Q: 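Provided herewith is a single structure, encoded as structure tokens, for subsequent inquiry.
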Amino acid sequence: MSAIQRLPAAEASGRVGIVHLGLGAFHRAHQAVYLERYRQRTGDTGWGLCSANLRSNVALVDGLHAAGYRYHVAEYADSEHVTLREIGVIEDVMFSGRDEMGRWGRDREALLARMTDDAVRIVTLTVTEKGYFLSPAGGQLLRSDPAIAADIDNPQTPRTAPGLLVEALARRRAAGLAPFTVLSCDNMPDNGKRTRAAVTQLAACRDVELAEWIEREVAFPCSMVDRIVPAMTEADFDRLAELGVEDPNAVVSEAFSQWVVEDDFPLGRPDWEEDGVEMVADVAPFETMKLRMLNGSHSLLAYLGALAGIETVFEAINREDLVSLLRRYMLEEAAPTLNMPAGTDLEVYAEQLLARFANDSLRHRLQQIAMDGSQKLPQRWLHGALARLEAGGEVPCTALGLAAWIRYTAGRDQEGRPYKVDDPLATTFAALHEEHGESAERLVEAFLAMEAVFPPTLAKRPGVAEAVTMAYRTLTKEGLASALQHIEHPSA
Ligand code: NAI
Ligand code: CS2
């Protein structure tokens with residue numbers, strides 16, 4: 001290791017101005033880092049964090065508590081250059097999920113008390129796409145999902161992120177307090193609008209006036225977030241130990257970081273722009289660019305790579321044929337669908353993404369990216385593919401990606417090695433494979449007919465089912481290299 005920069009944390013203050021829902025790896029390496037930099041730059045302790053998990057990972061919550069809420073972020077530019085940052089801006093942590101005994105909401109009341117504290121002016125979220133309980137394609141609240149149904153029946157003891165937001169906002173309204181701003185930091189298109197939809201639809205199930213008040217009074221700015229933060233592996237912890245860091249709560253990320261935020265914070269916000277956050281009037285072009293170019297490429301690598309037994313993004317990006325596929329996908333299928341502000345060079349952006357994927361210090365497992373495909377594919381591939389087809393273009397790379405995803409959801413790679421399909425629709429996928437697995441044509445047709453995922457206008461477009469079926473046949477019969485060659489030389 002030739003260059004290690006070590007940055008100690010600022011002093012703790014005990015003051016909380018932001019509550020965060022979804023204390024995962026990304027929050028620790030993105031938002032918390034921006035707030036740590038803010039505190040170090042300004043000395044202002046008013047924007048400390050209270051970060052909570054609502055679903056999984058009580059161990060992390062308890063671990064951070066035991067460590068006085070301090071932990072490390074190792075930001076790798078490459079294996080030679082790392083910035084080792086200590087974070088002290090988290091002032092409190094909570095767990096409101098289900099414990100081993102099946103009981104929900106250990107710290108729920110304390111969390112709601114924080115959310116209704118006058119000093120708290122922003123609530124941020126990284127609860128994954130499925131944590132909003134919206135239909136991936138249509139965006140309607142999934143009222144019959146058991147967790148949402150429980151929140152409809154018992155709104156004062158919520159289990160979900162939308163449920164907590166509704167209850168906290170209801171309590172603030174009853175107390176005559178102004179509502180906090182809700183800032184989603186998940187990889188969803190229009191993430192602020194979708195969060196607003198989830199919250200107001202759920203609120204309307206209990207009190208139409210409350211729903212109207214939320215609609216009128218609460219700001220839900222959209223944001224685009226970007227930093228590759230893979231789930232930690234044993235090898236990552238070993239590497240940190242070599243740097244003298246024995247920290248079970250540490251995370252490893254790339255050095256790159258981007259945050260574009262719609263500037264709509266009625267109760268105020270840190271002056272994040274001084275720390276590199278882009279505060280803009282409209283996030284949509286940036287969000288769409290990132291989702292289609294970066295995340296769309298990630299998902300292509302994930303399904304094609306996992307089927308071929310490739311483990312990480314780094315391994316996949318060392319294959320020339322996969323790099324060619326990504327370039328072609330980004331420049332010919334994604335970029336033409338984007339409408340960017342003047343001065344954005346999408347070719348440069350594509351090359352920057354390929355360089356980031358080639359970071360030799362990240363072990364970003366393809367199986368992690370492959371998770372929750374039903375929630376990810378509409379914004380990563382499908383909306384773009386529809387736009388490209390409607391403009392008279394072609395989408396062979398996306399068709400191959402869809403074929404790989406369908407094959408991936410069978411739960412075995414090309415060599416027959418099993419893995420867990422981690423997706424809210426996993427049971428549906430298994431049933432479709434069971435029923436139609438013998439016929440590529442019928443299987444593809446059945447997948448495309450899932451309206452929760454596929455916009456019917458895309459699924460029913462002439463040629464789409466045929467292209468995916470052909471790619472599926474080539475991929476399953478001839479393997480990855482051959483399928484990629486077909487893309488390069490369709491007539492061969
Ligand atoms: P993680 O696996 O470390 O943490 C996931 C978090 O989501 C945990 O706090 C978990 O409790 C929570 N969660 C999962 N399902 C939930 C549900 N149904 N309801 C409430 N909470 C739920 O994952 P990580 O890396 O923190 O990523 C989380 C999200 O952050 C991603 O889904 C994505 O939207 C966003 N993100 C992640 C990036 C990354 O590179 N890791 C980069 C950009 C965005
Ligand atoms: C990845 C993203 O897990 C995934 O699906 O595509 O989390 C990706 O690492 C981030 O969006 C990068 O900002």
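This structure is a prediction, so every number in the text was calculated from the model and none was measured. Atoms within each ligand, like the ligands themselves, are counted from 1 in listed order.
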Q: Distance to 0.1 Å, residue and atom name: give those for the protein heavy atom nearest to atom 23 (O) of ligand 1.
A: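 Looking only at protein heavy atoms, the one closest to atom 23 (O) of ligand 1 is A25 N, 4.4 Å.
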
Q: Considering distance alone, does some N or O of N53 sit under 3.5 Å from an N or O of ligand 1?
A: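 Checking ligand 1 against N53, an N or O pair does fall under 3.5 Å apart.
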
Q: Give a yes or no on whether the ring-centroid distance for F357 and H364 is below 6.0 angstrom.
A: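 Aromatic pair excluded; centres sit 6.0 Å or further apart.
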
Q: Has the side chain of E167 got a donor or acceptor atom that lies under 3.5 Å from a matching backbone atom of P158?
A: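 Not at all, since once roles are kept as given, no pair shorter than 3.5 Å links the two residues.
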
Q: Is there a donor-acceptor pair closer than 3.5 Å between any side-chain N or O of Q379 and the backbone N or O of T288?
A: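 No, because the side chain of Q379 does not come within donor-acceptor range (under 3.5 Å) of the backbone of T288.
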
Q: I'd like to know if Q258 contacts ligand 2, where contact means a heavy-atom distance under 4.0 Å to any ligand atom.
A: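 Q258: no contact with ligand 2 (<4.0 Å).
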
Q: Ignoring hydrogens and angles, tell me if any N or O in the side chain of Y303 forms a donor-acceptor pair with the backbone of A370 under 3.5 Å.
A: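 Confirmed, Y303 side chain pairs with A370 backbone.
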
Q: Among all protein heavy atoms, pick the one closest to atom 13 (N) of ligand 1 and tell me residue, atom and distance.
A: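 It is V127 O, 3.5 Å.
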
Q: Within ligand 1, which atoms have a heavy atom of I228 less than 4.0 Å away?
A: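 Those atoms are 40 (O).
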
Q: Using heavy atoms and a threshold below 4.0 Å, how should the contact between D226 and ligand 2 be classified: side chain, backbone, both, or neither?
A: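 It is both backbone and side chain that touch ligand 2.
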
Q: If you count the atoms of ligand 1 from 1 in the order shown, which ones are under 4.0 Å from a heavy atom of V225?
A: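 Going through ligand 1 atom by atom, the ones under 4.0 Å from V225 are 43 (C), 44 (C).
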
Q: Where is the nearest protein heavy atom to atom 40 (O) of ligand 1: which residue, which atom, and how far?
A: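 The answer is V229 N, 2.9 Å.
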
Q: What do you reckon, does R380 have a nitrogen or oxygen under 3.5 Å from a nitrogen or oxygen of ligand 2?
A: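 N/O-N/O distance under 3.5 Å: yes.
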
Q: Please classify the R227 to ligand 2 contact at 4.0 Å (heavy-atom distances, strictly less than): side chain, backbone, both or neither.
A: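 Answer for R227: backbone.
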
Q: For E129, counting its heavy atoms only, list the atoms of ligand 1 lying under 4.0 Å from any of them.
A: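 Here the atoms of ligand 1 in question are 32 (O).
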
Q: What's the shortest distance from atom 7 (O) of ligand 2 to any protein heavy atom, and which residue and atom give it?
A: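 Among all protein heavy atoms, the one nearest atom 7 (O) of ligand 2 is N187 ND2, 3.8 Å.
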
Q: With heavy atoms of G22 as the reference, note each atom of ligand 1 found under 4.0 Å away.
A: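 Listed by number with element, the hits are 9 (O).
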
Q: To the nearest 0.5 angstrom, please state how far the CG atom of N191 sits from the OG atom of S223.
A: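 One gets 4.5 Å once the value is rounded to the nearest 0.5 Å.
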
Q: Are the aromatic ring centres of F447 and F454 under 6.0 angstrom apart?
A: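 Centroid separation for F447 and F454: 6.0 Å or greater.
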
Q: Which residue and atom name correspond to the protein heavy atom nearest atom 6 (O) of ligand 2, and how close is it?
A: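 Protein heavy atom with the smallest distance to atom 6 (O) of ligand 2: H298 ND1, 2.8 Å.
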
Q: Which of the numbered atoms in ligand 2 are under 4.0 angstrom from any heavy atom belonging to K376?
A: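 Result: 3 (O), 4 (C), 5 (O).
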
Q: Using a 6.0 Å cut-off, check whether atom CD of E347 has over 12 heavy atoms from anything other than its own residue.
A: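 Counting other residues, nucleotides and ligands, CD of E347 stays at 12 neighbours or fewer.
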
Q: Is at least one protein non-hydrogen atom found at under 4.0 angstrom from atom 2 (O) of ligand 1?
A: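 Within 4.0 Å: no protein heavy atom nearby.
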
Q: For L7 and L84, run side chain to side chain contact (heavy atoms under 4.5 Å, CB included): C-alpha distance rounded to whole Å, both residues' side-chain angles, the deciding distance at 0.1 Å, then the answer.
A: CA-CA 6 Å; L7 302 174; L84 202 50; over 6 Å; no

Q: Looking only at protein heavy atoms, which one is nearest to atom 2 (C) of ligand 2, and how far off is it?
A: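 Here the closest protein heavy atom is N295 ND2, 3.5 Å.
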
Q: Checking the N or O distance criterion of under 3.5 Å, is ligand 1 in contact with L54?
A: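 The answer is no, given that L54 and ligand 1 share no N or O pair closer than 3.5 Å.
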
Q: Does a sphere of radius 6.0 Å around CG in N339 hold more than 12 heavy atoms from other residues, nucleotides or ligands, not counting ones at 6.0 Å or beyond?
A: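 No, the 6.0 Å shell around CG holds no more than 12 heavy atoms from other groups.
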
Q: Which heavy atom of the protein is the closest neighbour of atom 11 (O) of ligand 2, given with residue, atom name and distance?
A: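 Of every protein heavy atom, K290 NZ, 2.6 Å lies nearest to atom 11 (O) of ligand 2.
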
Q: Considering only protein heavy atoms, which is closest to atom 6 (C) of ligand 1, and at what distance to one decimal place?
A: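 For atom 6 (C) of ligand 1, the nearest protein heavy atom comes out as T126 O, 3.8 Å.
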
Q: Kindly confirm or rule out a cation-pi arrangement of R356 over F256, judged by NZ or CZ under 6.0 Å from the six-membered ring centre and within 45° of its axis?
A: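 Satisfied, under 6.0 Å and within 45°.
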
Q: Cut-off 3.5 Å, side chains only: do D236 and T233 have a donor facing an acceptor?
A: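 A pair is found: one side chain offers a donor N or O, the other an acceptor, under 3.5 Å apart.
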
Q: Show the atoms of ligand 1 that are less than 4.0 angstrom away from any heavy atom in G131.
A: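 In order of number, 17 (C), 18 (N), 19 (N).
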
Q: Quick check for you: to the nearest 0.5 Å, what is the distance between Y349 atom OH and M340 atom CE?
A: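 Answer rounded to 0.5 Å: 8.0 Å.
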
Q: Which protein heavy atom lies closest to atom 32 (O) of ligand 1, and at what distance to 0.1 Å?
A: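 Atom 32 (O) of ligand 1 sits closest to the protein heavy atom T128 CA, 3.3 Å.
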
Q: Under a 4.0 Å threshold between the charged nitrogen and the carboxylate oxygen, would R227 count as salt-bridged to E254?
A: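 Here E254 does not pair with R227 in a salt bridge, since their nearest N and O are not under 4.0 Å apart.
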
Q: Starting from atom 4 (O) of ligand 1, find the nearest protein heavy-atom neighbour and note its residue, name and distance.
A: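 Atom 4 (O) of ligand 1 sits closest to the protein heavy atom G24 CA, 3.4 Å.
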
Q: Among all the protein's non-hydrogen atoms, which is closest to atom 27 (O) of ligand 1, and how far away is it?
A: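 Protein heavy atom with the smallest distance to atom 27 (O) of ligand 1: F26 CB, 3.9 Å.
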
Q: Which ligand 2 atoms, with their elements, are less than 4.0 angstrom from a heavy-atom of H364?
A: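 Close to H364: 9 (O).
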
Q: For ligand 1, which atoms have a heavy atom of R227 less than 4.0 angstrom away?
A: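 So the atoms of ligand 1 that pass are 38 (C), 39 (C), 40 (O), 42 (C).
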
Q: Do you know the tightest heavy-atom contact between I310 and A316?
A: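 Reported closest heavy-atom pair: CG2-N, 3.7 Å.
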
Q: Taking the six-membered ring for Trp, are Y34 and W47 closer than 6.0 Å centroid to centroid?
A: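 Between W47 and Y34, which both carry aromatic rings, the centre distance is not below 6.0 Å.
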
Q: Using a strict 4.0 Å cut-off to heavy atoms of D186, name the atoms of ligand 1 that fall inside it.
A: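 Within the 4.0 Å cut-off of D186, ligand 1 contributes 29 (C), 30 (O), 31 (C), 32 (O), 33 (C), 34 (O), 35 (C).
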
Q: Can you check whether V323 reaches L354 side chain to side chain, under 4.5 Å on heavy atoms?
A: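 Heavy-atom side-chain distance check passes, below 4.5 Å.
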
Q: Under a 4.0 Å threshold between the charged nitrogen and the carboxylate oxygen, would R106 count as salt-bridged to D99?
A: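 Judged by the 4.0 Å cut-off on N to carboxylate O distance, D99 and R106 do not form a salt bridge.
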
Q: If the cut-off is 4.0 Å to any non-hydrogen atom of S56, which atoms of ligand 1 fall inside it?
A: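 Reading through ligand 1 atom by atom, the close ones are 10 (C), 11 (O).
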
Q: Give me the residue, atom name and distance of the protein heavy atom closest to atom 44 (C) of ligand 1.
A: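 Result: N187 ND2, 3.4 Å.
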
Q: Kindly confirm or rule out an N or O of Q368 lying under 3.5 angstrom from an N or O of ligand 2.
A: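 Not met; the criterion fails.
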
